[in-house]
Novice: 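Before we start, here is the structure in question, set down as structure tokens.
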Protein chains: 2
Amino acid sequence: MKRGLNDSKTNATAPRATIVEVAAAAGVSIKTVSRVVNREASVSDRTREKVEAAIQALGYRPNPSARSLAGNRSYSLGILYQAPREFGYVRNALDGVMAACEAEGYALLMRPCQDVLDLDGVDQFLAQTRIDGAVLTAPICDDDQVMALLTERGVPFCQLSPAAHRPGGLSAHADDEPASRALTEHLLSLGHRRIGFILGHPDHSSSAQRLAGYLRALKRHGLRKDAGLIAQGYFEFESGKACARRLLKRKHRPTAIFASNDEMASGVLYVARELGLKVPEDLSIVGFDDSMVAERTWPPLTTVRQPVTAMADAITRSLIKSLRGHPVAAKDQERHYDCELVLRASSGIAPSE
Amino acid sequence: MKRGLNDSKTNATAPRATIVEVAAAAGVSIKTVSRVVNREASVSDRTREKVEAAIQALGYRPNPSARSLAGNRSYSLGILYQAPREFGYVRNALDGVMAACEAEGYALLMRPCQDVLDLDGVDQFLAQTRIDGAVLTAPICDDDQVMALLTERGVPFCQLSPAAHRPGGLSAHADDEPASRALTEHLLSLGHRRIGFILGHPDHSSSAQRLAGYLRALKRHGLRKDAGLIAQGYFEFESGKACARRLLKRKHRPTAIFASNDEMASGVLYVARELGLKVPEDLSIVGFDDSMVAERTWPPLTTVRQPVTAMADAITRSLIKSLRGHPVAAKDQERHYDCELVLRASSGIAPSE
DNA sequence: TTGTACGCGTTATCAG
DNA sequence: CTGATAACGCGTACAA
């Protein structure tokens with residue numbers, strides 16, 4: 001049998017101990033060892049201690065492949081995500097899901113998806129990995145075809161920031177709408193009356209929610225929706241630039257612009273500079289997400305922070321709990337999280353109109 | 001057997017076909033099916049076609065757990081990385097490694113590591129996942145203890161941007177030193193003579209290489225090293241700010257600052273603004289990595305781009321090739337990549353001294 | 001070129 | 001509470 005580079009055949013350690021050796025060392029049957037390893041209840045304390053000692057002594061680690069084969073589950077989850085240039089949301093989601101998986105002894109397999117979803121690719125992923133469950137991130141969490149496929153394959157899943165909670169499903173959701181409203185109120189309180197709005201990518205349900213919050217705030221202040229102040233962006237820097245140009249070219253240009261994420265907000269900032277507008281004196285700008293760029297631009301961006309990592313962690317734990325056959329309390333099936341307003345200099349000052 | 005939410009027991013599809021059923025359908029033995037699946041040579045065309053038809057018809061997919069158990073390998077790799085706030089390098093590395101794994105039918109398991117490496121955690125990772133090989137990213141790729149552990153466990157690995165290639169090992173490496181030199185020459189050609197330098201994190205070998213390139217360029221222009229112009233940073237925004245303050249407080253302040261990455265460069269930019277210095281008129285700033293912030297700051301940062309994704313992809317493919325027992329050509333064992341200078345406005349103009 | 005039979009290290013059934 | 005023993009699905013000597 002050929003082996004590759006870094007060959008360590010000669011100085012390799014002894015092969016890992018198996019359950020049989022542990023059983024022999026502890027003077028019990030392998031089933032009992034299995035019981036101890038899997039924390040089943042019906043084992044006497046004396047036996048458990050003996051077994052645990054043997055496990056310790058031999059450095060025993062159950063073989064995941066054997067476990068999977070015999071148990072007909074893989075002890076691993078998958079996470080499906082779209083990977084835009086701005087990786088903030090996805091990265092936070094990953095952090096949370098990974099933390100949960102590690103804590104619960106699950107492995108995590110990642111599946112990046114393209115803008116236009118490749119269903120066959122996902123199906124292949126399911127076949128190759130045999131994951132026990134999946135975490136769906138936005139906007140994939142709202143894709144009916146993906147959910148149908150998972151259901152067909154018998155793979156339970158949870159949704160991170162979906163458009164709507166599915167009865168009997170698992171989801172974590174940040175309240176974008178109130179946050180967006182508060183952010184808009186902030187601008188209104190500074191005296192702004194013509195506030196431009198740059199929509200996010202239409203596939204993301206949060207785009208609509210952020211718009212709704214913006215409109216609601218305007219309404220509460222007796223302002224009517226002005227379609228000319230609303231531009232369709234795609235959550236990307238360049239689209240933020242394009243929208244900003246359109247909005248700022250109006251003869252009655254807005255005194256403030258609310259971009260649906262920080263990337264686009266930084267695009268607005270770029271265009272403001274091109275046009276010689278001072279921020280925030282001539283133009284207030286706010287973003288959303290509190291991504292890394294929000295602290296790096298000048299002036300730094302007023303924005304909204306979502307607890308994505310915590311949301312992902314929590315929902316993943318619920319998923320695993322459910323995979324283990326434990327009931328998940330109703331309040332843990334549909335979780336809601338508040339967002340936090342982060343005030344920085346880009347919105348700062350009352351408009352000089 | 002209890003199952004959790006999203007229960008699809010009732011409307012689930014038939015369980016996946018096994019090799020036995022395929023063999024039956026094709027009228028051959030399971031060994032023959034195995035041969036076809038694993039692309040072994042000694043199968044007649046007629047038989048192969050029959051088997052492939054049966055596989056197609058039944059939608060057969062080999063069970064990875066069974067494969068792993070019987071074959072004593074997991075068909076999966078691990079990637080070890082440190083996850084700083086600035087995720088650019090890691091993310092590019094991930095992209096490359098994942099592309100390679102997907103192309104080669106390997107799964108990828110991720111192992112984020114803390115600044116101070118938890119060896120036991122890594123060992124646990126190896127035990128739980130039984131990965132066939134590992135990709136080490138900077139700065140973990142230079143950690144002797146990790147490499148010793150992997151060797152002891154018989155897990156072959158490759159290194160992404162290590163300090164030095166290990167004979168018989170696998171590594172991909174971008175030539176930081178020449179790039180750093182070119183970047184410094186760029187500043188020198190603009191007329192700068194007092195160029196501050198902010199070092200990267202000492203754990204990263206690239207930090208030393210970037211310094212070396214800087215010093216070499218100075219020397220070629222007859223300038224001597226001035227310790228007062230060199231500050232120790234840690235690849236982070238805040239450390240860039242701190243170093244910039246120190247450097248710019250000198251009575252004879254530098255007219256340009258070379259920060260060892262873009263994050264720190266954006267920190268320098270921040271401090272320049274605090275001090276009322278115009279960039280690039282009063283101070284030229286250059287970074288390294290061409291991360292996302294480099295395009296978002298104002299002015300955008302002159303920097304250096306490394307082909308990290310391509311490097312990661314290539315080295316991972318070599319690793320997999322070697323895992324399969326195929327020889328890896330010498331030129332593919334130690335790969336060198338050129339960096340690319342990215343000129344933007346932050347360095348732009350000759351110093352007004 | 002093809003097939004048989006065994007083993008991989010667990011989980012699970014069912015009897016003690 | 002504990003233990004034989006049969007799966008689980010595939011790779012691989014070895015034989016044909």
Side-chain angles (χ1 to χ4, degrees), chain A residues 1-2 14-51 54-55 58-76 105 127-130 132 323-325, chain B residues 1-3 14-51 54-55 58-75 105 127-130 132 323-325:
Chain A
M1 175 191 305
K2 274 186 294 184
R16 291 198 172 277
T18 75
I19 198 173
V20 178
E21 308 174 50
V22 175
V28 300
S29 76
I30 63 169
K31 177 60 189 169
T32 299
V33 176
S34 175
R35 285 194 177 92
V36 171
V37 168
N38 294 306
R39 298 198 159 69
E40 289 177 34
S42 54
V43 178
S44 76
D45 286 352
R46 250 184 55 71
T47 312
R48 175 188 313 284
E49 282 162 22
K50 271 194 309 185
V51 172
I55 288 176
L58 294 171
Y60 168 72
R61 293 291 193 159
N63 179 316
S65 306
R67 250 155 84 93
S68 303
L69 183 58
N72 194 33
R73 48 207 134 114
S74 63
Y75 301 93
S76 67
Q128 282 186 12
T129 63
R130 310 272 166 125
D132 293 341
L323 289 176
R324 293 195 166 133
Chain B
M1 175 192 304
K2 276 186 294 185
R3 297 199 75 221
R16 292 201 170 274
T18 74
I19 198 172
V20 178
E21 308 174 51
V22 174
V28 300
S29 76
I30 64 167
K31 175 57 191 170
T32 300
V33 177
S34 173
R35 282 193 179 86
V36 172
V37 168
N38 294 308
R39 297 200 162 70
E40 289 176 33
S42 55
V43 178
S44 78
D45 288 351
R46 249 183 56 71
T47 312
R48 176 188 312 284
E49 283 162 21
K50 272 194 309 187
V51 172
I55 288 176
L58 295 172
Y60 169 71
R61 294 292 193 155
N63 180 316
S65 308
R67 252 156 81 94
S68 303
L69 184 57
N72 194 33
R73 47 207 137 121
S74 62
Y75 300 94
Q128 281 187 11
T129 62
R130 309 273 166 128
D132 293 342
L323 289 176
R324 292 194 167 132

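Excluded from the calculations below are hydrogen atoms, water molecules and symmetry mates; all remaining heavy atoms, backbone and side chain alike, are included. Per chain, numbering begins at 1; letters A, B, ... match sequence-line order.
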Novice: Would you indicate, yes or no, if D:dC1 has its OP1 or OP2 atom less than 4.0 angstrom from a side-chain nitrogen or oxygen of A:Thr32?
Specialist: no
Novice: Can you say whether a donor on the side chain of A:Arg35 sits under 3.5 Å from an acceptor on the base of D:dG3, or the other way round?
Specialist: yes
Novice: In whole angstroms, how far is the C1' atom of D:dC8 from the CD1 atom of B:Ile19?
Specialist: 13 Å
Novice: Nearest to the side chain of B:Ile30, which nucleotide is it out of C:dT10, D:dG11, C:dT2?
Specialist: D:dG11
Novice: Measuring to OP1 and OP2 of C:dT10, would you say a side-chain N or O of A:Ser34 lies under 4.0 angstrom away?
Specialist: no
Novice: Under 4.0 Å, counting only non-hydrogen atoms across every strand here, what does B:Val33 touch: a base, just sugar-phosphate, or nothing?
Specialist: nothing
Novice: Within residues 60-71 of chain A, find the residues that approach DNA chain D with a heavy atom at under 4.0 Å, and present them sorted by residue number.
Specialist: A:Leu69, A:Ala70
Novice: Would you mind classifying the nucleic acid contact of B:Asn38 as base, sugar-phosphate or nothing, using non-hydrogen atoms under 4.0 angstrom?
Specialist: sugar-phosphate
Novice: Counting only distance, no hydrogens or angles, is the base of D:dA4 paired donor-acceptor with the side chain of A:Lys31 under 3.5 Å?
Specialist: no
Novice: Examine D:dG3: is either OP1 or OP2 under 4.0 Å from a nitrogen or oxygen in the side chain of A:Ser29? Give yes or no.
Specialist: yes
Novice: Who passes side chain to side chain contact (heavy atoms under 4.5 Å, CB included) against A:Ala24, sequence neighbours left out?
Specialist: none
Novice: Five pairs at each end of the helix from C:dT1-D:dA16 to C:dG16-D:dC1: take the axis at both ends and give me the angle between them to 10°.
Specialist: 30°
Novice: For a quick check of understanding: with a heavy-atom distance under 4.0 Å over all strands, which category does B:Val37 fall into, base, sugar-phosphate or nothing?
Specialist: nothing
Novice: Just to be sure I understand the rule, does B:Arg73 reach a base, reach only the sugar-phosphate, or reach nothing, if contact means heavy atoms closer than 4.0 Å?
Specialist: sugar-phosphate
